[in-house]
2 protein chains.
Amino acid sequence: MEKAKSKACCTLDLNTEEQTRMIHISKALGNPIRFEILKFLLTHPGCITGDIVKYLPIAQATTSQHLKVLKECRLIEGEIEGTKSCYWLNEQTLLWYKSKIAEIF
Amino acid sequence: MEKAKSKACCTLDLNTEEQTRMIHISKALGNPIRFEILKFLLTHPGCITGDIVKYLPIAQATTSQHLKVLKECRLIEGEIEGTKSCYWLNEQTLLWYKSKIAEIF
DNA sequence: ATATTATATCGTATAAATACGATATAAAGG
DNA sequence: CCTTTATATCGTATTTATACGATATAATAT
């Protein structure tokens, strides 16, 4: 059985890169641990990994992995200070996401 | 090794149900096929499952599964009309998500 | 130099998501 | 009544996500 993709008469024209970015950010937001990290950073900007690890009910390795996901989609930014890593929300990304969601839907 | 969850001094107080809903909606948005379905419904409100199936590069069963996910988090609404099913975006959910995201972040 | 501390990454087990074909269901048409 | 059509659900294979302990890395302290 072959599947021919029919072109819709009037599909929404959204930049592919932008759409991919929207989906990545949504996926990152769609996990309870990562959502909790973002909320924590909201009230504790510039805190270190250790603070987040202490706050969360999961292992250090897993927390680090989640931070990586959030960094990759640029929802957060990090900076190494000596042996520690500080993290903040990336306001620009949040603004972009909010405005894009509002623009599309 | 025991893990004691330390209470942060000033965590963001967000209703648990609302947060769970935010996460579910975000997760639903965080998939390329589902994102495509939502975009399609934006330009084709009230269309039937078959239209969406024709438009997407995936099987009917998989499409139906994705529609179920979107229905479950109330991003879309459906109505059975004879042997067909019509679908629309749920504007209320979209409005709620946008305003809540803006409120939190 | 060595030990400690903070964090990231590796390897891997388990769980969840995604995909498909086959089948069930239920309305509509012959 | 039987057939067709549209869709949903079942069973299941495969992929991706999530979790952990162990280890690597790199700065700081002793």
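Naming convention: chains lettered A, B, ... in sequence-line order (proteins, then strands); numbering from 1 in each chain.
- Shortest non-hydrogen contact noted between A:Ile80 and A:Ser85 is CG1-OG, 3.8 Å.
- Checked against side-chain contact (heavy atoms from CB on, under 4.5 Å), A:Glu81 has the following partners two or more places apart in sequence or in another chain: A:Glu79, A:Cys86.
- Neither B:Leu38 nor B:Ile48 shares a network with the other; the hydrophobic side chains, linked directly or stepwise wherever heavy atoms of I, L, V, M, F, W or Y lie under 4.5 Å apart, form separate groups for each.
- Mapping B:Lys84 and A:Gly30 onto DNA chain D via the closest heavy atom, the residue that lands nearer the 5' end is B:Lys84.
- Annotation: the span from A:Glu77 atom CD to A:Gln92 atom CD amounts to 8.0 Å, rounded to 0.5 Å.
- Residues from residues 64-74 of chain B with heavy atoms under 4.0 angstrom of DNA chain C, sorted by number: B:Gln65, B:His66.
- In this structure, A:Asp51 and A:Phe40 have side chains that are in contact, with non-hydrogen atoms separated by less than 4.5 Å.
- Every pair passing salt bridge (Lys or Arg N to Asp or Glu O under 4.0 Å) that includes a residue from residues 84-105 of chain A is listed here, sequence neighbours excluded: A:Glu18-A:Lys100, A:Lys100-A:Glu103.
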Each nucleotide of nucleotides 25-30 of chain C classed B (base within 4.0 Å of a protein heavy atom), S (only sugar-phosphate) or -, in 5' to 3' order, makes --SS--
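- Expressed to the nearest 0.5 Å, how far CG of B:Leu42 lies from CG of B:Leu94 amounts to 8.5 Å.
- The two residues B:Ala28 and B:Val69 make their nearest non-hydrogen contact at CB-CG1, 4.2 Å.
- Of all nucleotides in DNA chain D having an atom under 4.0 Å from a heavy atom of chain B, the first and last in 5' to 3' order are D:dT5 to D:dT9.
- The side-chain contact (heavy atoms from CB on, under 4.5 Å) search around A:Asn31 returns A:Ile33, A:Arg34, A:His66, not counting sequence neighbours.
- Looking only at distances, no side-chain donor or acceptor of B:Thr63 sits under 3.5 Å from a matching main-chain atom of B:Val53.
- Among residue pairs with one or both ends in residues 86-105 of chain A, those qualifying as ring pair (Phe, Tyr, Trp, His ring centres under 6.0 Å) are A:Phe105-B:Phe35; sequence neighbours excluded.
- Residues satisfying the side-chain contact (heavy atoms from CB on, under 4.5 Å) test with B:Thr20, not counting sequence neighbours, are B:Thr16, B:His24.
- Judged as a side chain to side chain donor-acceptor pair (under 3.5 Å), and not counting sequence neighbours, A:Gln65 has no contacts.
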Please enumerate all protein N or O atoms sitting under 3.5 Å from an N or O of nucleotides 15-17 of chain C, with distances to 0.1 Å.
{"residue": "C:dA17", "atom": "OP1", "partner": "B:Lys27", "partner atom": "NZ", "Å": "3.4"}

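- Among the protein residues, B:Thr62 comes within range of the nucleic acid bases, having at least one heavy atom under 4.0 Å from a base atom.
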